[in-house]
Amino acid sequence: MLKAKKKMGGFDIGIILVICFCCILTLKVEAQSQSVRLAPTEVETLKEIATQIGKQDWNFSVDPCSNDTNWATPKSVNLPLYNNTVICNCSYPDGYCHVVSIFLKGQDLAGVVPPSVAKLPYLKNVDFTRNYLSGTIPSEWASTKLEYVSITVNNLTGPIPGYLGNITTLIYMSLENNQFSGTVPPELGKLVNLNNLILNANNLTGELPVALTNLTKLTELRISMNNFTGRIPNFIQSWKQLKKLEIQASGLQGPIPSSISGLSNLAELRISDIDGGGSEFPPLSSMTNMNSLMLRSCNLSGSIPDYISAMTTLKILDLSFNRLEGNIPDNIGTLTNLQYLYLTSNLLHGSIPDWIKSRDSHYQIDVSYNNFSVNSEPASCRETLNLFKSFTAQDNSLFGECLNSYPCPKDRYSLHINCGGKATTVGGVDFEADTDLGGPAKFVPVRPMWGISTTGHFWDANPTSNDYIANNISILGMDNSELYTNARLSPLSLTYYARCLGNGNYTVRLHFSEIIIRDNRSFYSLGRRIFDVYIQEKLVWKDFDIEEKAQGVDRVVIKELKAVQVKDKTLLIRFKWSGKGTTASPKRGTYGPLISAISMDSEFKPPQESKNKVGIIVGASVGGSVLGLIFLILGILWWNDCFDSRTSREKALRGLDLQTGFFTFRQIKAATNNFDPKNKIGEGGFGSVYKGTLLDGTIIAVKQLSSKSKQGNREFVNEIGMISGLHHPNLVRLYGCCIESNQLLLVYEYMENNSLAHTLFGPEDGPLNMDWPTRQKICIGIARGLSFLHEESTLKIVHRDIKATNILLDRDLNPKISDFGLAKLDEEENTHISTRVAGTIGYMAPEYALWGYLTDKADVYSFGVVALEIVAGKNNMKYRPNQNFVCLVDWALVLQQKGNLMDLVDPRLGSQFSKEEAIRMVKVALLCTNSAPALRPTMSAVVRMLEGETAVHELIMDPSIYGDEMRLTAVRNQFDQIAQESSSGTQSRLRSSDSTWIGSSATAMSSDLYKVSSGSY
């Protein structure tokens, strides 16, 4: 008994001692946790990172590892769009906390990927998803031990760095939705611990490196929306652990290799939009764990295999846009989890299975555009079953219950639809409402005239029916904004079906405006919407990009197609996404066709309706456009003689039918902070150029006409008149002008990367070092812009001053031609224009500089000079390798004769360029700078040659001829300068005492002229 008591007593004492010890230990740990702070070196590193990425709201007066709400507060790392979190681990034995994770999602950071990340030795996870970071991934990261890296939806450029392969600890890496170019580096094959590799939506090229077969732990691989070459490789069988494989519009060609059968762990397979050889259905019978299967636009033939029914967890099956035939297998109806079934646009026939007709509205099924027997039509319509054009009926339109039982009351000769919006009247034309919410698989008949067929759902998102109509909540400034407040969307295919039209030719106008993607320095601007447009089942616009064609967001572009033939009283307009562009910006599921309004008008006089109201309206509209053009031209011509006073200037400008806006001087002052010298970004022919920011956040460039400027009212109006009606991706966009009191201001889009001259001829350690693909893109872009001016624009225009300083570069280094102050209308009835010589020495064509003989070939010559500068990275007039050469062009001609054209290439490129493309560009440039205008190519021919579509016919010229022309041009320009200064009484150089200087200079130049003309110079 005593022994038992002692034992019990000992137990009690032990319990008490343990509790006391735990309490003391807890107090000690709490005390330590209160005193533990982030290591001082890491605090400094976080400050560096904040500077590098542009993070301004970190409060370093508070310990970054505290839970203080004034700093980055730890939150869930799974937040969908936004996260501002720094996570520390304070359990290390050195007594300090250390940063282990940085999550900065959706912060609109506009800096660079921070090199200082490498100074955080304990850092494992970095997530910079949805920002506006530029540049590339710094080489310092190669020394880190990172495990998780996501830089999804940013603005990174250049090749994917090979040194990323040194971060062998990486488990997850996503570089999706950037602008990476070049090939996938084989060094990534060293990332043997990698589970997830996501390279979607870049500009990657070449074949996939075999070294990637070393990534045997991969569970997810996504390489969609790129420009790879070659076939889908057989070595995909090396990734036995893959659960997700995505190859959509990657550039890779088919057929799908049979080796894919070895990927038995796949749960999600997406392959779409592959060209090349077709095949029958690939062997996927081992993939019984599949829950999402997409084989869309893969050129598949044959029948749908029965083994699909063994995929019991299958939720999504998309086999659209193939050549599959036969019946739909009945056993697919046993898949109780199957919620989405897309079989649109195949050759399926036979009867529609009863299980499809009996499924309730929770199942989305699309079997449109097939050849099923008419006698298998359902007895009633169902909103989530799309059977549009799915039968072998004569017009193959739709079964009678939904449409055909509504006969046409009479023929119509026009149709106008406000897509996704309410009924409205614009310019006397009534646009019908289109407010049905739509859905993944739906035909919406609007009895009896027209209907809408939609198919597809937004992958990687959780869309609702509201996601099939886009709504613009901002204030729109364009004309007829009620047509662009809403728009209809589709993730895959959208068809507008008009019926009851009188047979004949129609003009179709499609109204577009990008109202979802933004146009600012935020991740909302990093999306690329690309889709195809079909009219009457014919592809008319491929890879259509609204933002590009409209020159920005919330701006309008109207595409018109004439002579659209209606034979069976029906007209189909189809918009189809072919997997290109992006799908993650500004959020997951932002992609697919978007249309704002549709107009169809007959091109013939309707029977017994010769005074049809719509015809009058259309005629008035067309006539108004022509009159506006005439007034614009007359206004510019009238300006030359009558533009003297401020009142007449303002009245005349407001009388022009400009496609731009007018700004108040107060707005411009506020935007530029009262023309703060800190905002001055350059000096142009007019005067100073300032950067500004409007109240809505739009960044602008303001060109201010100086009272001392050599250019004046005439050039000012000329620039407004010329560029206001021009819209092209390679022409700078004019927002408007300000003409209050004595102010003459032009307001342009802001170009982040200054001019081509600044980039090419700036210091070698400058902010930009253009790689070859960028130079090639810039050269082709300039050529396309000039081709538009010369051959495609309603107004045929000769720019007259093409040079590197007049080529501006946007944030993506896309070139845009600017400065139209000297531009001339190219009067087509004249072979040339005789005019006062104006332009820049070194870029002017000889026939223009010498004789004032101006054609569009003068711009071709100037382009040739710029193209040589792009290749060489040198200024034409400032580069003289030795005293034997006048300029860069002179040197190029000598190298051409010697067969050493590669000596022209900028040494800064090293070996990282295409020799074939470089030689081609030089030869095209030399063709353009031919001394004979007739031997220069047109700009459209230049584009084709630069893109490799046509061969370049090389002409060898004598360098001495060019040198003589250059010297003669210089002499003539000196004469002109003296004459102008003398007539204007210029005091700075020509005082009365200078008459002797004028006479002696004239005598000397007369001698030079004689020497050049006689060939004895």
Side-chain angles (χ1 to χ4, degrees), residues 29-135 137-138 140-156 164 167 169-176 178 196 522-523:
V29 170
E30 287 181 356
Q32 284 182 344
S33 65
Q34 291 176 1
S35 62
V36 169
R37 295 177 59 86
L38 180 63
T41 56
E42 295 189 33
V43 174
E44 295 304 314
T45 297
L46 286 178
K47 291 180 180 179
E48 292 178 15
I49 291 174
T51 300
Q52 292 163 356
I53 62 178
K55 184 73 171 166
Q56 298 179 353
D57 58 355
W58 277 350
N59 180 9
F60 287 98
S61 65
V62 180
D63 178 32
C65 290
S66 71
N67 287 329
D68 194 295
T69 56
N70 291 324
W71 225 80
T73 305
K75 299 176 182 177
S76 168
V77 298
N78 294 317
L79 293 178
L81 282 179
Y82 311 101
N83 199 346
N84 178 23
T85 305
V86 172
I87 298 176
C88 301
N89 186 336
C90 299
S91 63
Y92 291 98
D94 62 358
Y96 285 107
C97 296
H98 297 284
V99 176
V100 294
S101 300
I102 299 178
F103 296 97
L104 296 174
K105 297 173 63 176
Q107 303 295 300
D108 280 340
L109 302 172
V112 298
V113 179
S116 294
V117 159
K119 295 182 180 181
L120 297 173
Y122 297 89
L123 188 65
K124 301 295 182 186
N125 307 307
V126 174
D127 191 342
F128 294 142
T129 297
R130 295 186 183 88
N131 285 288
Y132 198 80
L133 302 178
S134 58
I137 301 174
E140 288 85 349
W141 281 31
S143 63
T144 66
K145 297 187 183 300
L146 291 169
E147 296 176 359
Y148 180 102
V149 170
S150 177
I151 316 181
T152 300
V153 187
N154 275 278
N155 202 27
L156 303 187
L164 290 179
I167 314 176
T169 51
L170 270 180
I171 296 174
Y172 181 102
M173 182 168 68
S174 175
L175 307 180
E176 180 181 3
N178 280 277
N196 309 77
S522 79
F523 69 84

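Heavy-atom basis, side chains included; hydrogens, waters and symmetry copies ignored.
- Of the inter-residue distances, the one linking N84 atom CG with D57 atom CG reads 5.5 Å to the nearest 0.5 angstrom.
- Looking at every heavy atom in both residues, P114 comes nearest to W141 through O-NE1, 2.9 Å.
- Within the 4.5 Å cutoff, the side chain of V149 has heavy atoms near those of the I151 side chain.
- Pairs engaging residues 109-122 under the salt bridge (Lys or Arg N to Asp or Glu O under 4.0 Å) rule: E48-K119 [sequence neighbours left out].
- The two atoms that bring A142 and I167 nearest to each other are CA-CG1, 4.0 Å, heavy atoms only.
- D108 places a side-chain N or O within donor-acceptor distance of the main-chain N or O of F523, the cut-off being under 3.5 Å.
- Proximity of L123 to L146: side-chain heavy atoms (C-beta onward) are separated by under 4.5 Å at one or more points.
- Inter-residue side-chain proximity for I102 and L120 is flagged as met; some heavy-atom pair is nearer than 4.5 Å.
- Shown here for H98 and Y92, the closest heavy-atom pair between the two residues is CD2-CD1, 3.4 Å.
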**Request:** Please report the C-alpha distance between S134 and V112 in whole Å, then the side-chain angles of each, then the deciding distance to 0.1 Å, and finally whether the side chain to side chain contact (heavy atoms under 4.5 Å, CB included) criterion is met.
**Result:** CA-CA 5 Å; S134 58; V112 298; 4.2 Å; yes

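- The sulfur atoms (SG) of C88 and C65 lie less than 2.5 Å from each other.
- Checked by atom type and distance alone, the side chain of N83 never pairs as donor or acceptor with a backbone atom of K105 at under 3.5 Å.
- Although no hydrogens or angles enter the test, the distance criterion places a donor-acceptor pair under 3.5 Å between the side chain of N154 and the main chain of L133.
- Interatomic distance, F103 CZ to I87 CD1, rounded to the nearest 0.5 Å: 5.0 Å.
- The distance from atom CZ of F60 to atom CG of L38, rounded to the nearest 0.5 Å, is 9.0 Å.
- Of the inter-residue distances, the one linking Q107 atom CD with Y82 atom OH reads 9.5 Å to the nearest 0.5 angstrom.
- The distance from atom OG of S116 to atom CD of E140, rounded to the nearest 0.5 Å, is 8.0 Å.
- E42 approaches Y122 most closely through the heavy-atom pair OE2-CD1, 3.8 Å.
- With values rounded to the nearest 0.5 angstrom, N89 atom CG is found 10.5 Å from K124 atom NZ.
- Closest non-hydrogen pair, Y96 versus P40, comes out as CE2-CD, 3.7 Å.
- Counting heavy atoms from C-beta outward, D127 and T85 have side chains that stay 4.5 Å or more apart.
- Between V113 and P138 there is a side-chain heavy-atom pair separated by less than 4.5 Å.
- Taking both residues in full, the closest heavy atoms of L104 and K55 are given as CD2-CE, 4.0 Å, listed atom of the first, atom of the second, then distance.
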